[in-house]
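One structure below.
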Amino acid sequence: MPELAEVFWYAKQWDAGQGRRIRAVDLHPRKRVFRGCDTSALHDALLGTSLKKAHTHGKQMLFEFTGSHWLAVHLGMTGSLETKREPFEPGKHDHLVLHTREAALVFEDPRQFGAIRYYHDKGFPDFWKKLPPQPTDKAFTAVLVAKTLNRHARVPLKALLLDQRYFPGIGNWMADEILWQAKLPPHLLSGDATGKQARDVWRLTQKISAASLRIIGKDWSDPPKSWLMLHRWEDGGKCPRCGTLLKRETVRGRTACWCPKCQK
DNA sequence: CATCATGTTATAAT
DNA sequence: CATTATAACATGAT
């Protein structure tokens, strides 16, 4: 479920544990979410530390702990973070629990497409420093977006918007929203977009990212009904702009939803 | 029982 | 090598 703003919201859910000493770490080393992670190092390292600060970048989260310990979390499709009152007993899909005196910081993920990694570094881990500019950054420029569209000229716009190397944080509903507001069909090949259309994609990527952080990221409020977002999964959902029945079809392996009348 | 799911990545194919 | 297509991952909802 989580895209840019949802990830931002989830990251804040652990704030209740800030500055609280971690007294126990519960994890299941063989779970898929720990692939490539040294779980015993993670376990031993976090004991006795406390959470200093949560960072997010696109769909990536990074939790900074005292003693130069870092926990990178990706929520995949079904991951979530929550804080529970102690004493807390982990459930079936609670793969990592950081226990403090009052609050348990819980990572839950039924499908386990999410991932957890551990780093011990003086500053931000290398992978974090190399992440591409976010849509809300100054460095996310119209020129950069235009170049990306040209470089991947044969990729449908919808698929390109989902590419985290260029549009970090954009997921399925945001990509559909951007294309709907830009009045561009999801199948349009990136290289076939005009200069103005590329600029619209750039502008709306920024606008929708910023607005969803303000609205969903703040307290998980609904975006305006004038957006496509609230209509795209309803059966028989209609375009909020013209009332036409919305269409759904697979584009590059993911479901796209669009208005066949507005988006041409 | 079959299909689908707001994500990523390894591997195959071009 | 660069780019693109497909399958796979693990589980729950419909």
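Below, chains carry the letters A, B, ... as their sequence lines are ordered, and counting in each starts from 1.
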Which whole number of Å gives the distance between the [atom1] atom of [N] and that of [M]?
{"N": "C:dT6", "M": "B:dC4", "atom1": "P", "value": "16 Å"}
{"N": "C:dA7", "M": "B:dT3", "atom1": "P", "value": "14 Å"}
{"N": "B:dT8", "M": "C:dA13", "atom1": "P", "value": "22 Å"}

Over all strands shown, is [X] touching base, sugar-phosphate only, or nothing at heavy-atom distances under 4.0 angstrom?
{"X": "A:Q164", "answer": "sugar-phosphate"}
{"X": "A:R254", "answer": "base"}
{"X": "A:R232", "answer": "nothing"}
{"X": "A:T255", "answer": "sugar-phosphate"}
{"X": "A:Q112", "answer": "sugar-phosphate"}
{"X": "A:K92", "answer": "sugar-phosphate"}

Take the protein atom [atom1] of [X] and the nucleotide atom [atom2] of [N], then report the distance between them rounded to whole Å.
{"X": "A:E108", "N": "C:dA10", "atom1": "CD", "atom2": "C1'", "result": "13 Å"}
{"X": "A:M174", "N": "B:dG7", "atom1": "CE", "atom2": "P", "result": "11 Å"}
{"X": "A:F127", "N": "B:dT8", "atom1": "CZ", "atom2": "C1'", "result": "14 Å"}
{"X": "A:M77", "N": "C:dA8", "atom1": "CE", "atom2": "C1'", "result": "12 Å"}
{"X": "A:N172", "N": "B:dC4", "atom1": "CG", "atom2": "P", "result": "14 Å"}

Between A:I178 and A:L228, is there a shared hydrophobic cluster once you connect ILVMFWY residues whose side-chain heavy atoms come closer than 4.5 Å?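 Per the 4.5 Å side-chain linkage, A:I178 and A:L228 are not co-clustered.
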Please give the nucleotide sitting opposite C:dG12 as a Watson-Crick or G-U wobble pair, both distances under 3.5 Å, or none.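 B:dC4 - that is the nucleotide pairing with C:dG12, both distances being under 3.5 Å.
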Looking at A:E64 and A:K53, is any side-chain nitrogen of the basic one under 4.0 Å from a carboxylate oxygen of the acidic one?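 Salt bridge between A:K53 and A:E64, a charged N being under 4.0 Å from a carboxylate O: no.
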Salt bridge check: are A:D200 and A:K196 linked by an N-O gap of less than 4.0 Å?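 So A:D200 pairs with A:K196 through a salt bridge.
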To the side chain of A:R151, which of C:dT3, C:dT4, B:dT6 is closest?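 Per side-chain heavy atoms of A:R151, the pick is C:dT3.
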Among B:dA5, B:dT6, B:dT8, the one nearest any side-chain atom of A:E6 is B:dT6
Compare the aromatic ring of A:F113 with the six-membered base ring of C:dC9 and state whether they stack according to the 5.5 Å and 30° rule. yes
Look at atom NZ of A:K129 and say whether more than 12 heavy atoms of other residues, nucleotides or ligands are closer to it than 6.0 Å.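 Yes.
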For A:W258 and A:L246: C-alpha separation, side-chain torsions, deciding distance, then whether side-chain contact (heavy atoms from CB on, under 4.5 Å) applies. CA-CA 6 Å; A:W258 77 102; A:L246 295 170; over 6 Å; no
Does a nitrogen or oxygen in the side chain of A:H152 sit under 4.0 Å from OP1 or OP2 of C:dT4? yes
